[in-house]
Amino acid sequence: MPRTRTGRAIGDIARRAARGELTAAQAAALIARLRAGQRHDLYRAALDSLAEPGEPVRVRLIGPTADVANLLTVLDGVTTLSGVSDPYPTSRPGVVRVYATAERRHPLIGGSK
């Protein structure tokens with residue numbers, strides 16, 4: 001049984017697709033949008049919980065070049081990225097390592113949501 005709002009929404013989309021109210025393409029697009037929002041919230045919560053107020057967080061990203069570039073784009077939407085390094089090659093072909101410094105755009109205020 002889904003325990004989150006996103007999980008319940010994905011279940012509702014799957015049921016609507018099974019009843020024929022949505023096409024498979026529409027259902028996939030809606031689920032992808034929900035998952036992207038879930039990842040965005042996860043990244044923001046992780047960065048907010050790791051840093052002291054006002055302190056930047058140093059991150060190291062290791063993976064395929066396209067995946068690292070996509071993650072940097074997501075992180076840039078959530079935080080202010082500074083000091084992003086050039087991609088360093090690793091011993092595995094097609095895999096790079098990038099270092100970046102992320103800072104909150106706004107101070108952490110309020111309680112849990």
Side-chain angles (χ1 to χ4, degrees):
M1 173 176 251
R3 294 175 185 243
T4 64
R5 277 184 270 171
T6 303
R8 286 189 295 274
I10 290 172
D12 290 341
I13 291 168
R15 282 188 290 281
R16 289 180 63 193
R19 288 191 303 257
E21 296 173 9
L22 294 172
T23 66
Q26 290 172 327
L30 289 170
I31 290 171
R33 176 109 169 120
L34 287 170
R35 294 273 187 219
Q38 204 173 29
R39 278 192 304 275
H40 178 274
D41 294 343
L42 179 66
Y43 296 144
R44 183 175 184 133
L47 288 171
D48 283 345
S49 65
L50 290 175
E52 293 295 321
E55 291 292 319
V57 175
R58 298 222 1 122
V59 293
R60 177 178 60 189
L61 306 173
I62 301 173
T65 306
D67 292 347
V68 170
N70 288 338
L71 186 54
L72 282 171
T73 302
V74 170
L75 284 173
D76 191 40
V78 176
T79 64
T80 300
L81 287 180
S82 60
V84 179
S85 72
D86 290 330
Y88 295 102
T90 63
S91 60
R92 295 176 288 176
V95 176
V96 295
R97 182 176 64 242
V98 174
Y99 297 92
T101 304
E103 297 180 55
R104 290 188 189 121
R105 289 190 178 157
H106 308 287
L108 183 63
I109 56 173
S112 62
K113 295 181 182 181

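Bear in mind that the values here come from a model prediction, so they are computed numbers and not experimental data.
- In terms of heavy-atom proximity, Glu21 sits nearest to Gln26 at O-OE1, 4.5 Å.
- Residues Val74 and Val96 share a single hydrophobic cluster, defined by chaining ILVMFWY side chains whose heavy atoms lie under 4.5 Å apart.
- When atom types are taken as modelled, the side chain of Thr73 and the backbone of Ala69 share a donor-acceptor pair closer than 3.5 angstrom.
- Among all heavy-atom pairs drawn from Leu72 and Leu81, the shortest one is O-CD1, 3.5 Å.
- When side chains are defined from C-beta on, Arg35 counts as touching Ile10, because their heavy atoms get closer than 4.5 Å.
- Taking 4.5 Å as the limit, some side-chain heavy atom of Glu103 sits within range of a side-chain heavy atom of Ser82.
- Closest approach of Val98 to Pro87, counting heavy atoms only: CG2-CA, 3.8 Å.
- Judged purely by atom type and a 3.5 angstrom limit, Thr101 has no side-chain atom pairing as donor or acceptor with the backbone of Pro56.
- Residue Arg19 places its CZ atom among more than 12 non-hydrogen atoms of other residues, nucleotides or ligands, all under 6.0 Å distant.
- The shortest distance between side-chain heavy atoms of Leu22 and Leu30 falls below 4.5 Å.
- Side-chain contact between Val59 and Val57 is present, with at least one heavy-atom pair separated by less than 4.5 Å.
- Interatomic distance, CD1 of Ile62 versus OH of Tyr88, reported as 12.5 Å (0.5 Å rounding).
- Atom CZ of Arg33 is surrounded by 12 or fewer heavy atoms from other residues, nucleotides or ligands within 6.0 Å.
- Here the straight-line distance linking atom CG of Asn70 with atom CG of Leu61 works out to 11.5 Å at 0.5 Å rounding.
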